[in-house]
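Below is one structure; the comments refer to it alone.
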Amino acid sequence: MIAPTGRPWLDEFEATAERFRTVIAAAADADALTSSVPSCPDWDLQELTGHLGETHLWAAGILGGADPRDRPQEEPAGDASLADWYIGTAERLHRALAKAGPDMPCWTLIKDQRTALFWQRRQVHETMIHLWDAQHALGQHTEIDPALALDGVAEVAEVMYPRMLRSARTEPLPKSLNLLATDLDAGPVIIGDAEPSLLVRAPAAELLLLVWHRLPWNPAYGRDEAARLISRSLVP
């Protein structure tokens, strides 16, 4: 079973979504919603917000029994601001997650965990990464809890990379990656199962941003060969 860390996922989702809303509201006040998002090519902040809100609605729909192939297309209505529209989508997802509880059976991205707990974890990480995207686009810094960041790395190893392999969107790594957080007393997260392995050492938040291709490689992290493997399509 894909096992989250036992974190208070619903509280973390609510808090992270509110942080994202605050960033977007401030960007709107500064007429900065058309700012490009370097980590998401071809998107500006408005499009990033639309993507994240629609992702929340998609997950909420799945929890309600909708076909996962149906992607919602919804935009702010009337005089609603983009920030208000976004937090409305987050609140709808939060209600759906709370109603479902962690053990309700539902469709997920992986067969190894077909319960709503998957979406609790997934939507926290989705929101945190896009919070980083938004703040990075505005020249701001994002604080990411190291334990949460390391769990995000584990999610890539357990969910995203295997899914990329199943869909033939990437080739198996010729060597496994052992990702060791230097700011936590925890064992490495291993991506891939090939031998030998390559060690990558960095703070947990930097490991998370590396595997999501948000951060450039630093030679202090490890060998150049590891950099080449991390640059592959490990995530969608």
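- Residues Arg7 and Asp151 are not paired through a salt bridge, judged by the lack of any N-O separation under 4.0 Å between the basic side chain and the carboxylate.
- Side-chain atoms of Thr115 come within 3.5 Å of backbone N or O of Pro102 as a donor-acceptor pair.
- Formation of a donor-acceptor pair under 3.5 Å by the Thr16 side chain with backbone atoms of Phe13 is not found in this model.
- For an aromatic pair to be called close, the ring centres must be under 6.0 Å apart, and Trp119 with Trp58 satisfies this.
- A salt bridge is absent between Glu225 and Arg228; no separation between the charged side-chain nitrogens and carboxylate oxygens falls under 4.0 Å.
- Under the 3.5 Å distance criterion, the side-chain polar atoms of Glu47 are matched with a main-chain donor or acceptor of Asp44.
- Side-chain atoms of Pro188 and Leu179, non-hydrogen and from C-beta on, never get closer than 4.5 Å to each other.
- For the pair Leu138 and Ala32, the tightest heavy-atom approach, listed with the atom from each and the gap, is CD2-CB, 4.1 Å.
- Between the side chain of Arg114 and the backbone N or O of Thr108 there is at least one donor-acceptor pair closer than 3.5 Å.
- Tested against Tyr86, the residues Arg21, His56, Glu91 include a single side-chain hydrogen bond (donor to acceptor under 3.5 Å, both in side chains) partner, His56.
- Contact between Tyr161 and Leu173 at its shortest, heavy atoms only, is OH-N, 2.9 Å.
- Side-chain rings of His130 and Trp212 stay apart, their centers remaining 6.0 Å or farther from each other.
- For His141 (side chain) and Gln135 (main-chain N/O), no donor-acceptor pair under 3.5 Å exists by modelled atom type.
- Between Trp132 and His136, the ring-plane angle classifies as parallel under the 30° and 60° cut-offs.
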